[in-house]
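Following: one structure in structure tokens, then a few remarks.
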Amino acid sequence: MSDMQKIQGKGIGRGIAVGRILFYKKVGRQVSRTYREDSDAEWKRFEDAKEKAQTQLLKLQEKVERAAGAENAAIFEAHRMMLLDDELNTFVKDIIRNAKVSAEYAVFVAGEHFSELLSGLEDEFLQARNADLQDVIWRLIRILNGVEDAQELTEPSIIVAEDLTPSETIQMDKSLILGFVTHLGSANSHTAILARQMSLPAVCGVAVDPSWNGKIAIVDGESGQILLNPDAALIEESRKKQQQEAAESERLQRLKGKPAITKDGRQIAVYANIGSVEEARGAIENDAEGIGLFRSEFLYLEGKDFPSEEKQFAAYKAVAQAMDGRIVVIRTLDLGADKQADYLDLGHEENPAMGYRAIRICLDRPEIFRTQLRAIYRASVYGNLAILFPMIISLEEVRLCKEYIAKVKAELKEAGIPYKEDVQIGVMIETPAAALISEVLAKEVDFFSIGTNDLAQYTLAIDRQNARMESQTDMRHPAVQELIRRTVANGHKAGIRVEICGELAADTTFTQTFLDYGVDALSVSAPFILAVKDAVMHTAS
Ligand code: PEP
Ligand code: MG
């Protein structure tokens with residue numbers, strides 16, 4: 001085809017995707033007031049949008065009904081009813097006619113108006129309807145803006161977006177995503193990590209264009225190349241590459257069940273990094289010897305409010321049981337920086353990566369921390385759980401964390417709720433401060449887990465989200481390597497084990513170096529486990 005376009009970006013996930021593009025546009029939470037003379041035309045746009053919304057909601061209702069039963073799908077029926085509400089319709093009509101504004105602005109104003117009314121009510125049930133009303137209002141605004149809703153994908157697609165946040169990514173239907181292409185983002189951003197965990201190709205640093213919506217593309221997650229409107233021969237070639245990759249993963253399958261032992265007989269544990277209960281399945285399928293990092297904050301990004309103790313308990317228990325006695329390291333929430341949820345309302349910060357995040361939030365808001373620790377300890381009796389604290393910079397923080405743990409244990413004991421006494425406690429070494437005081441920290445905990453993503457970010461003073469600076473993020477930089485080496489040495493001096501759970505753990509060009517340092521375990525996204533095992537088996541330590 002003559003209109004083929006070749007675009008070069010940065011490959012951040014592996015594999016190749018071939019398929020149709022869905023351009024994902026965000027709608028800001030503000031709609032500007034636009035003058036429209038032709039009120040009839042605007043009213044017609046509104047009516048059409050309502051019809052489209054009805055169709056979307058009906059599809060969703062059917063999809064959820066099939067997957068989770070009629071009870072869970074009922075909410076979409078309620079949304080459809082809201083669209084028919086007389087008061088809402090009259091309000092929108094009046095604004096369109098009297099103020100001569102666009103349909104989307106009229107809908108926006110209606111949303112604000114009814115939201116104010118609902119939140120002023122005493123009745124909690126009606127107050128709660130406010131969230132549903134907002135869903136309906138923003139669905140209409142998205143439709144009026146011609147924006148596709150990637151959270152409601154209907155066919156397998158390549159998601160193209162200016163930027164994707166972890167919370168947006170996590171809410172999409174994974175079974176319908178073929179790959180990601182974004183303008184913003186970098187190899188160590190959490191969206192890239194999610195793509196790797198889903199075993200999907202991803203490319204960033206691309207000047208994406210909404211006109212790509214609906215076009216066929218080939219996305220190479222390794223080379224970073226994107227082909228728009230490829231001809232049949234190129235599609236065929238990509239299919240062949242997909243087959244070669246499948247053959248390589250077939251070869252690696254044969255390593256399943258075998259321990260990762262170096263040529264000179266040293267055994268290294270290869271664990272999985274996960275962000276959800278579902279991913280534990282992928283960990284098991286890929287032969288993980290345990291979960292080295294459960295990024296629990298993703299539980300907090302899925303919903304519209306903090307996950308309750310029960311919800312967390314259920315998740316930790318499910319993973320503990322699924323792993324059947326193998327270790328499961330649950331990292332306490334690491335929200336903040338790029339991991340934001342609307343309900344968190346953390347406020348604006350000039351440098352959120354160096355701001356109010358992770359353990360700093362937990363120590364500042366004990367009710368959040370306590371809920372999570374209770375859930376973890378309650379789940380501890382169902383398997384082999386361990387706790388990991390993120391973003392530690394001082395001994396005091398570790399001691400405070402341990403005090404919280406002691407309090408939670410005492411509470412559970414008092415209430416007669418079973419828990420395990422000897423849950424292992426670890427800290428992430430992901431700040432230069434923690435690495436430099438690792439000798440002191442090692443005496444306080446049972447294990448270290450080195451987070452190379454943040455450790456490199458803070459050591460090199462290069463924002464891991466900043467695509468422009470990415471080429472200068474040198475993981476071989478002697479400062480980064482020295483901090484890793486020192487952490488392992490200090491950990492071993494105190495007799496504790498040291499793991500690496502940052503993305504670098506999956507880079508097999510580093511396996512020899514890490515084994516030379518004496519690292520005990522490597523924790524990687526599930527699709528990389530067998531390749532890392534293979535690398536360990538080809539290495540002498
Ligand atoms: C890290 O910083 O290396 C790490 C594993 O944590 P996260 O990527 O979730 O910040
Ligand atoms: Mg980190």
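When reading the values below, keep in mind they use all heavy atoms of this one structure, side chains included, and skip hydrogens, waters and symmetry mates. Counting convention: from 1, in listed order, for ligands and their atoms alike.
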field: Parallel, tilted or perpendicular: ring planes of Phe510 versus Phe514, cut at 30 and 60 degrees
entry: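 Judged by the thresholds at 30° and 60°, the geometry between Phe510 and Phe514 is parallel.
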
Show me which atoms of ligand 1 lie under 4.0 Å from any heavy atom of [X].
{"X": "Lys339", "value": "9 (O)"}
{"X": "Arg331", "value": "4 (C), 6 (O), 7 (P), 9 (O)"}
{"X": "Ile193", "value": "8 (O)"}
{"X": "Gly502", "value": "3 (O), 5 (C)"}

query: Does Thr452, backbone or side chain, put an N or O under 3.5 Å from an N or O of ligand 1?
result: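 For ligand 1, there is an N or O atom that lies under 3.5 Å from one belonging to Thr452.
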
message: Please report whether ligand 1 has a polar contact with Arg464, defined as an N or O pair separated by less than 3.5 Å (distance criterion only).
response: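 Looking only at distances, the answer is yes, because the N/O contact criterion of under 3.5 Å is met.
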
message: Looking at every non-hydrogen atom in both residues, tell me the closest pair between Leu178 and Pro201 and how far apart they are.
response: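 Between these two residues, the closest heavy atoms are O-CD, 3.3 Å.
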
Pair [X]-[Y], side-chain donor/acceptor within less than 3.5 Å:
{"X": "Arg357", "Y": "Gln340", "value": "no"}
{"X": "Asp220", "Y": "Ser223", "value": "yes"}
{"X": "Tyr300", "Y": "Gln312", "value": "yes"}
{"X": "Gln321", "Y": "Tyr316", "value": "no"}
{"X": "Gln244", "Y": "Lys241", "value": "no"}
{"X": "Asn273", "Y": "Ser525", "value": "no"}
{"X": "Glu430", "Y": "Tyr458", "value": "no"}

- prompt: Applying a 4.0 Å heavy-atom criterion (strictly less than), which segment of Asn273 is in contact with ligand 1: side chain, backbone, both, or neither?
  reply: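 The answer is neither.
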
task: Considering only non-hydrogen protein atoms, determine which one is nearest to atom 7 (P) of ligand 1 and report residue, atom name and distance to 0.1 Å.
output: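 Of every protein heavy atom, His190 NE2, 3.2 Å lies nearest to atom 7 (P) of ligand 1.
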
message: Among all the protein's non-hydrogen atoms, which is closest to atom 5 (C) of ligand 1, and how far away is it?
response: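 Answer, as residue, atom name and distance: Arg295 NH2, 3.5 Å.
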
- prompt: With Glu162, which residues qualify under side chain to side chain contact (heavy atoms under 4.5 Å, CB included), at least two apart?
  reply: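 Counting only residues at least two positions away or on another chain, Glu162 forms a side chain to side chain contact (heavy atoms under 4.5 Å, CB included) with His183, Val208.
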
- request: Everything protein-side that's N, O or S and under 2.8 Å from the Mg ion (ligand 2): list it, residue and atom.
  value: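 Under 2.8 Å from the Mg ion (ligand 2) - ignoring waters, which are not counted - the protein N, O or S atoms are Glu430 OE1, Asp454 OD2.
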
